[in-house]
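Letters A, B, ... are given to chains in the order of the sequence lines, protein chains preceding strands, and every chain is numbered from 1. None of these values were measured; they are calculated from a predicted model.
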Amino acid sequence: MRKGGISMQIFKEQIACSLAPLIDWEPERVVAALELPPDAKLGDLAFPCFQLAPKLRKAPPVIAADLAERWEKPAVVDQVQVVGGYLNFFLNPAVLAQQVLEAVQRAGDTYGNSQQGAGKTIVVDFSSPNIAKPFGVGHMPTTVLGNAISHLYQALGYEVVRINHLGDWGTQFGAMMVAYLKWGENDPLTEDPIGKLYRLYVKFHREEEATPALRDEARAWFNRLESGDEEATRLWRLFYDVSLKNFKRTYRRLGIEFDHYTGESFYIDKIDEAIGRIKAAGVTEVSDGALVVPLGDDLPPCLLQKSDGATLYATRDLAALFYREQTFRPERIIYVVAMDQALHFQQLKLVLKKMGLPLADALEHVAFGLVKLPEGKMSTRRGQMVLLDDVLQEATSRVQEIIAEKNPALPNKEQVAEQVGVGAVIFHNLKNSRMRDIIFDWNEVLNFEGETGPYLQYTHARCVSVLHKSGKQEFDLPQDLAGLSAEAAQQVLKRLSQFPETIDKAAQAYEPSTMSRYLLDLAQDFNRFYNTCRIIGEAASVEASRLALVNAVAVVLRRGLYLLGLTAPEQM
RNA sequence: GCGCCUGUAGCUCAGUUGGAUAGAGCAACGGACUUCUAAUCCGUAGGUCAGGGGUUCGAAUCCCUUCAGGCGCGCCA
């Protein structure tokens, strides 16, 4: 109920409570109606009077004027102005500054957190790359979205279970085995295992076109694997181990951790029970020798078992759902998976619904657009893809060049280059709303100016630098807050006050880009302030109040970057 | 054919659950570093919010429709 920090919200409430009786509305309704004016010159908050016009049978500007006259303003409000049909409120600059900065100061890194998720668990299934395939830039959206969403829900007080549902089962392993046995020369895969497996995989699909019999061989090998064949299991284990080792190195670079690496194979011994449960619910039928759940005329049926008895992707996902429900008792299970699988999740949901399970409502597919190349869709099979390692490599070395040019005296150059380069790549994937397709473009990924991760990190480092140069350790508020009355400072304060509601909004919509945009706005507001207001060397109270503001910006930027999965170097 | 998603400045995108003159970044041009990090900031220019209807005091936002693009549609994952 109560918010973790102060926000624009509490100013709205103070205004709403005093305004509500005059117009015979619930205060909540007034809060909802209050909006931010398009221009700071028009005030800090505004109440549009148009909705009152029919009932009062007066023109909106007349109503506004009348309200302004009769209204008793609370202490936070400095003055009221009537413009057109709007009632515009100007907050008291000192009160605004004091309330916002004290809230940030008091909460520190917990500023913006809340307890609304206390006692509730949420499972986030994300990243989930395929074993024996390289980690391409196409895997970035699910990986960084899932990580950011996990962080956001943790900030709301939820217990978050992060699961990497590895693609470690399925017919493609048959293909991998055939390719490895035929052309792999029994390589122990100690060196560049992923590169080797990748080339074998591409070769398999090239050869397959000329020799369709390969497909049958692959299918046979997968069947051997499913029935526990020793040789098949040995090969699978080999592919699995080298791949996971490689993935974990990538995750470490990205600063991402998982609670469970339970891939599809984890559920194979739970499938019989799952199928039994679905059968017992009476929703299955046999069609063309396969076991399916018919889903009506609107959706194709959900296939549980092929006519040869082999399990399918959906079967394993259902088994996973049952397992997760029983193991974690989550309020929600979120799947951060590209939108080309929308139908699959729609089917799962409907199967659960037909079974009469509440689990159906817990399942949430958080979809996102595809990463594509200028030439079109990426394809692992055809070898058309961009490796994440190459992108990170290119980004960090580009950052190193910039450091050599701009800040050669910087300590820990390599570490900072890594933080900034990786940050640029992560942020690039979180900047825009997730449903958009992304055309991979080197120039955009390697741009570090403007709306980028490095811009945010730079702004943070700039704050830290000022704080450091001030020679102070504590940044308490002085009595006199006149140093923050400038327009630019007020804008930063208002922005800081919106951080808690931004966390909330980004989490509810599973949309980290909301946070990205907020941080860009905050950084820009701050840089404007920085360029117009001197901080160090001003009169004592002015300096102190401005340092408190800088400190608050640093706290929120660091915290916001963390939520998105970026680090915030102190210098760069 | 059916279903889901997208369409806003030359390019990449925001747009607060229906509000005031539609905003950023990149690219272009012009400015600001003997002064707290110029990976910054300021200014100029750039718009039929895909098109057409409708709902109402008011629409980029809600409804209908057309067009364009992306993705998907039973034994792949």
Take the protein atom [atom1] of [X] and the nucleotide atom [atom2] of [N], then report the distance between them rounded to whole Å.
X: A/Leu519; N: B/G25; atom1: CG; atom2: P; answer: 16 Å
X: A/Phe526; N: B/A39; atom1: CZ; atom2: P; answer: 15 Å
X: A/Glu449; N: B/C26; atom1: CD; atom2: P; answer: 7 Å

Within the sub-3.5 Å range, which N or O atoms of nucleotides 71-75 of chain B have a protein N or O partner, and how far apart are they?
from	atom 1	to	atom 2	distance (Å)
B/G72	OP1	A/Lys377	NZ	2.9
B/C75	O2	A/Ser307	N	2.8
B/C75	O2	A/Ser307	OG	3.3
B/C75	N3	A/Ser307	OG	3.4
B/C75	N4	A/Asp288	O	2.9

Students often get this wrong, so: under 4.0 angstrom with heavy atoms, is [X] touching a base, only sugar-phosphate, or nothing?
X: A/Cys533; value: base
X: A/Arg534; value: base
X: A/Gly170; value: sugar-phosphate
X: A/Tyr455; value: sugar-phosphate
X: A/Leu34; value: nothing
X: A/Ser470; value: nothing
X: A/Ala461; value: base
X: A/Asn88; value: base
X: A/Val550; value: nothing

Find the partner of [N]: check Watson-Crick (N1-N3 plus N6-O4 or O6-N4) and G-U wobble (N1-O2, O6-N3) distances, both under 3.5 Å, and reply none if neither fits.
N: B/G1; result: B/C73
N: B/U12; result: B/A24
N: B/C67; result: B/G7
N: B/U34; result: none

Kindly compute the distance separating OH (A/Tyr240) from CZ (A/Phe173), expressed to the nearest 0.5 Å. 9.5 Å
Specify the residue among A/Leu45 and A/Phe529 whose closest nucleotide of RNA chain B lies further upstream toward the 5′ end.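 Result: A/Leu45.
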Could you check A/Trp169 against A/Leu467 and say which one's nearest nucleotide on RNA chain B is further toward the 5' end?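 Residue closer to the 5' terminus by nearest nucleotide: A/Leu467.
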When you measure from the side chain of A/Asn527 to the backbone of A/Ala523, do you find a donor-acceptor pair of N or O atoms at a distance under 3.5 Å?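 Such a contact is found between A/Asn527 side chain and A/Ala523 backbone.
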One thing to verify: whether A/Lys472 and A/Glu543 come together as a salt bridge, which I'm taking to mean a side-chain N less than 4.0 angstrom from a carboxylate O. yes
For nucleotides B/C13 and B/G46, find the distance between their P atoms and express it as a whole number of Å. 24 Å
Roughly how many Å apart are B/A68 and B/U8, using the C1' atom of each and rounding to a whole number?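 Approximately 15 Å lies between the C1' atom of B/U8 and that of B/A68.
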Write out a two-atom table: protein N or O, nucleotide N or O from nucleotides 54-58 of chain B, distance below 3.5 Å.
none

Tell me whether B/C42 sits syn or anti, counting syn as a glycosidic angle within 90° of 0. anti
Does B/A14 have OP1 or OP2 sitting under 4.0 Å from an N or O in the side chain of A/Arg436? yes
Identify the residue among A/Tyr313, A/Tyr335, A/Tyr267, A/Phe266 that makes a ring-ring contact (aromatic ring centres under 6.0 Å, His included) with A/His165. A/Tyr267
What ring pair (Phe, Tyr, Trp, His ring centres under 6.0 Å) pairs are there with at least one residue in residues 531-551 of chain A, not counting sequence neighbours?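 Residue pairs passing ring pair (Phe, Tyr, Trp, His ring centres under 6.0 Å), neighbours aside: none found.
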